[in-house]
Amino acid sequence: MDALVRSRPPMTAGHPTEAVVPRRETDGLPASVTPIDRRWPAVATTPSPRAMVVGVVGARGGAGTSSLAAALARALAGSTATVLVDLDRGCGGVDVLLGLEGADGVRWPDLADARGDVDGADLVALLPRWGACAVLSADRARPQPPEPAVVADVLHALSRTVGALVLDLDRSGVVAGESVAAVCDTVLVVAPRDLRATAGALALRPVLDVPGADLGLVVRGPAPGGLGAAEIAEAVGLPVRAVLPVDRRLAAGTEHAGIPASGPFCRAVRRLAAGLTR
């Protein structure tokens, strides 16, 4: 991660920023860095600003990762051009969660030939919008995952164009070392308050614990066995970045009208987003 330039563009509403994601050198990479990471551009002598990249991954299935990633992207979109990127190979598309499954715009299968110098501005213009946030989703009707090289080139293009990328990471890919988690500025591990999630977070640590990584826990309730956020943090060895309260409207909203824009869950996510942009 030392080879990754950490400078960020100004958080300016409404105006995509000029930015560059530096690609890694192929020599001297830690074992957890996969070939997909090696496609990022070579580090320039003078660091250039680029998008802030936040990865969100679940400690176990059903952790609510996509809901958090979407709400976080919406919060960041209030201060900078933001794209929510769906990288969960096992889901039916984050557009369904957001109520955008009928919206016009490109999905990952439409970008199968997006290789090399992809035009980020043109790509952003083609994506469906969820409020101020652009969304690059999987497609439930065409479930094949994108090729790793396509993912790398598309993310590189987006990172030169917008101020923030929020990646809804695929947990199995992260565990296998087959994801772009290693190029994130911040990785948030979403952990419900139970023993299985704690064990799952521990399983993620070896592949996320790389030099320069900014890792944190987002703990979600309820706690059926009374397991507290501090206990999970101590067991896993990660700081707690946020504790998301139980919000009864969230489950109903995601089933019928998308993620609510207000309530205790959204307030907690906005505080989390503010901490990321300081």
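Values below: every heavy atom of this structure, side chains too, minus hydrogens, waters and symmetry copies.
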- [ ] Any side chain to side chain donor-acceptor pair (under 3.5 Å) involving residues 194-205? Give me the pairs, sequence neighbours left out, ordered by first then second residue.
- [x]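 Matches after skipping sequence neighbours: Arg60-Asp194, Arg205-Asp209.
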Open item on the list: Considering only residues two or more places apart or on different chains, which pairs with a residue in residues 90-100 satisfy side chain to side chain donor-acceptor pair (under 3.5 Å)?
Closed with: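 Applying side chain to side chain donor-acceptor pair (under 3.5 Å) to every pair that reaches into residues 90-100, excluding sequence neighbours, yields Asp95-Arg107, Asp95-Ser137.
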Enter the distance from [X]:[atom1] to [Y]:[atom2] here, rounded to the nearest 0.5 Å.
| X | Y | atom1 | atom2 | result |
| --- | --- | --- | --- | --- |
| Asp170 | Asp88 | CG | CG | 5.0 Å |
| Leu188 | Leu217 | CG | CG | 9.0 Å |
| Thr161 | His156 | OG1 | NE2 | 9.0 Å |
| Ser67 | Leu97 | OG | CG | 4.5 Å |

Which heavy-atom pair separates [X] from [Y] by the least distance, and what is that distance?
| X | Y | answer |
| --- | --- | --- |
| Ala229 | Val243 | CB-CG2, 3.9 Å |
| Pro260 | Cys266 | O-SG, 2.7 Å |
| Ala81 | Val162 | O-CB, 3.4 Å |
| Leu169 | Val180 | CD2-CG2, 4.2 Å |
| Ala63 | Ala59 | CB-N, 4.4 Å |
| Pro222 | Val246 | N-CG2, 3.7 Å |

Side chains of [X] and [Y] in contact at under 4.5 Å (non-hydrogen atoms):
| X | Y | answer |
| --- | --- | --- |
| Val166 | Leu76 | yes |
| Leu72 | Val269 | yes |
| Val174 | Leu208 | yes |
| Arg220 | Phe265 | yes |
| Val57 | Val190 | no |
| Val83 | Val135 | no |
| Met52 | Leu165 | no |

Open item on the list: Applying side chain to side chain contact (heavy atoms under 4.5 Å, CB included) to Leu155 and Leu167, what does each step give before you reach the verdict?
Closed with: CA-CA 10 Å; Leu155 292 184; Leu167 312 182; 4.1 Å; yes
- [ ] Name all residues meeting the side-chain hydrogen bond (donor to acceptor under 3.5 Å, both in side chains) criterion together with Thr65; count only those two or more places apart in sequence or in a different chain, and write none if there are none.
- [x] none
Open item on the list: Using the side-chain hydrogen bond (donor to acceptor under 3.5 Å, both in side chains) criterion, which residues pair with Arg193? Sequence neighbours excluded.
Closed with: none
For [X] and [Y], indicate whether the former's side chain and the latter's backbone hold a donor-acceptor pair under 3.5 Å.
| X | Y | answer |
| --- | --- | --- |
| Trp108 | Asp86 | yes |
| Arg74 | Ala132 | no |
| Asp153 | Gly116 | yes |
| Asp185 | Val53 | yes |
| Thr80 | Ala77 | no |

TODO: Test side chain to side chain contact (heavy atoms under 4.5 Å, CB included) on Leu84 and Val94 and set out the steps.
DONE: CA-CA 9 Å; Leu84 170 64; Val94 75; 4.1 Å; yes
TODO: Show your working on side chain to side chain contact (heavy atoms under 4.5 Å, CB included) between Arg171 and Leu204 and close with a plain yes or no.
DONE: CA-CA 9 Å; Arg171 186 180 187 279; Leu204 287 169; 4.1 Å; yes
- [ ] Evaluate the criterion side chain to side chain contact (heavy atoms under 4.5 Å, CB included) for residue pair Glu178 and Arg89; output intermediate values, then yes/no.
- [x] CA-CA 12 Å; Glu178 300 171 351; Arg89 296 175 293 189; 3.8 Å; yes
- [ ] Please list all pairs passing the salt bridge (Lys or Arg N to Asp or Glu O under 4.0 Å) test where one or both residues lie in residues 123-142, with sequence neighbours left out.
- [x]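 Applying salt bridge (Lys or Arg N to Asp or Glu O under 4.0 Å) to every pair that reaches into residues 123-142, excluding sequence neighbours, yields Asp110-Arg142, Asp139-Arg142.
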TODO: For a side-chain contact (heavy atoms from CB on, under 4.5 Å) with Val187, tell me which candidate from Asp214, Val56, Leu215 qualifies.
DONE: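 It is Leu215, the one option of Asp214, Val56, Leu215 that forms the side-chain contact (heavy atoms from CB on, under 4.5 Å) with Val187.
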Under 3.5 Å, which donor-acceptor pairs do the side chains of residues 118-126 form with other protein atoms, sequence neighbours left out?
from	atom 1	to	atom 2	distance (Å)
Asp119	OD1	Ala121	N	3.1
Asp119	OD1	Asp122	N	2.9

Task: More than 12 heavy atoms of other groups within 6.0 Å of Glu234 CD - done: no
